Amino acid sequence: MQDQTADVVWRPGNVPVSTQFDDPYFSLENGLAETRHVFLQGNDLPGRFRDGFHIAELGFGTGLSFLTTLQAWQARNCAGTLSFTSFEAYPMARADMAKALSAFDSFGPLASALLTKWQAEGGQFEIMPGVILNVVVGDAQETLAAWTEKADAWYLDGFSPAKNPALWTESLMRDVAKHTVLGGTFATYTAAGFVRRSLAQAGFHVERVVGFGRKRHMTRGTLSA
Ligand SMILES: C[S@@+](CC[C@H](N)C(=O)[O-])C[C@H]1O[C@@H](n2cnc3c(N)ncnc32)[C@H](O)[C@@H]1O
């Protein structure tokens, strides 16, 4: 799986669809609003932001979730450092990322800052002063187990469980819990029962809450054990 870049086709509105997984990278209707609803609100952000806050994500994709987070961090004039670590098996080529992000005018210079620094090989990038992006390239089933840090909040964004079950296994959800601070949170658009059960077994207090748009439910949780 190492050294593979994302292979995409395009839907109207510059929405990339993965040919490996036959699934869009973000909502065909309103990717930005869905990202804010699921990942920011789902993790009680931006209210919990503080110096040293650390977000981790399964699936960096186009960088939409990262830029949505960065925009919220800046809008609150947060001081100090924000770390964002994302585990990605098939990093996007810069040109594909640029095409996907061109659909989101509101990012303006934030998108340019990401695109200028982006390397599909992954690594650590200071996107702007105090904002550290770390992209760990490889299969998250292996790379997360080897990670030595813990996140305050997780974005579980690895395509739908039906299309990519490998990113929602019991053992990976256990690894997510192991790499979460006590009281830390996760959020995801899926409400699949087996995912909720795995996360609960891993130690999260799991809640099914209202999803975005036509999706009735999504899932969020807090690490309680
Ligand atoms: C829905 S997309 C993520 C969207 C992304 N958060 C964004 O803002 O555009 C799912 C991502 O998971 C990645 N992925 C799929 N299987 C993976 C695996 N086993 N390990 C790590 N990443 C994986 C895909 O390459 C893809 O980039």
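Numbering starts at 1 and runs along the sequence shown. All values below were derived from every heavy atom in this structure, side-chain atoms included, with hydrogens, water molecules and symmetry-related copies excluded. In this text, all values refer to a predicted model and were calculated from it rather than measured experimentally. Remember, it's 1-based here, ligands and their atoms both numbered in the order they're listed.
- Remark: aromatic rings of F204 and W154 are distant, center separation not under 6.0 Å.
- Both the backbone and the side chain of D157 come within 4.0 Å of ligand 1, counting heavy atoms alone.
- Considering backbone and side-chain N/O of P24, none are found under 3.5 Å from N/O of ligand 1.
- Of all the atoms in ligand 1, the ones that sit under 4.0 Å from a non-hydrogen atom of E57 are 6 (N).
- Of all atoms in ligand 1, listed by their number and element, those nearer than 4.0 Å to a heavy atom of F21 are 15 (C), 16 (N).
- In this structure, CZ on R174 lies 8.5 Å from OG on S198, to the nearest 0.5 angstrom.
- Atoms of ligand 1 found under 4.0 Å from any heavy atom of D139, numbered from 1 in the order shown, are 18 (C), 19 (N), 20 (N).
- Here Y155 has no heavy atoms under 4.0 Å from ligand 1, in either its backbone or its side chain.
- Note: Y155 and F186 fail the aromatic proximity criterion, with ring centroids not under 6.0 Å apart.
- For ligand 1, the atoms closer than 4.0 angstrom to any heavy atom of F87 are 21 (C), 22 (N).
- Here D22 pairs with K163 in a salt bridge; the nearest charged N to carboxylate O distance falls below 4.0 Å.
- Of the candidates T62, T35, V136, the one placing a heavy atom closest to atom 9 (O) of ligand 1 is T62.
- Contact atoms of ligand 1 toward G138: 20 (N), 21 (C) (distance under 4.0 Å to a heavy atom of the residue).
- The pair R197-E170 does not count as a salt bridge, with every side-chain nitrogen at least 4.0 angstrom from each carboxylate oxygen.
- Sorted by first and then second residue, the ring-ring contact (aromatic ring centres under 6.0 Å, His included) pairs with a member in residues 124-151 read H54-W147, F87-W147, W147-H179; sequence neighbours excluded.
- Of the polar atoms of Q141, none of the N or O atoms is found under 3.5 Å from an N or O of ligand 1, judged by distance alone.
- At a heavy-atom cutoff of 4.0 Å, ligand 1 is contacted by no atom of M92, backbone or side chain.
- Of the candidates E88, M97, Q20, the one placing a heavy atom closest to atom 25 (O) of ligand 1 is E88.
- Qualifying side-chain contact (heavy atoms from CB on, under 4.5 Å) partners for K99, counting only residues two or more places apart in sequence or in other chains: W10, N14.
- With hydrogens and angles left out, the side-chain atoms of E207 and T219 include no donor and acceptor closer than 3.5 Å.
- Atoms of ligand 1 found under 4.0 Å from any heavy atom of Y90, numbered from 1 in the order shown, are 25 (O).
- The G61 neighbourhood of ligand 1 comprises atoms 5 (C), 9 (O), 27 (O), with distances under 4.0 Å to a heavy atom of that residue.
- Remark: ligand 1 atoms within the under-4.0 Å shell around heavy atoms of L167 are 17 (C), 18 (C), 19 (N), 20 (N), 23 (C).
- A distance of 10.5 Å separates CG in L144 from CG in D139, rounded to the nearest 0.5 Å.
- Side-chain contact annotation: T185 with R48, donor-acceptor N/O pair under 3.5 Å present.
- Partner L45 forms a side chain to side chain contact (heavy atoms under 4.5 Å, CB included) with one of F39, W73, F53 and no other, that one being F53.
- Residue contacts with ligand 1 for Y25 involve both N, CA, C or O and side-chain atoms from C-beta outward (heavy atoms, distance under 4.0 Å).
- In this structure, G63 has a heavy atom closer than 4.0 Å to ligand 1.
- Polar contact with ligand 1: absent for F159 (N/O pair, distance under 3.5 Å).
- For S65, a nitrogen or oxygen atom sits less than 3.5 Å from a nitrogen or oxygen atom of ligand 1, counting backbone and side chain alike.
- Residue V15 comes nearest to S27 through the heavy atom pair CG2-O, 4.5 Å, listed as atom of the first residue, atom of the second, then distance.
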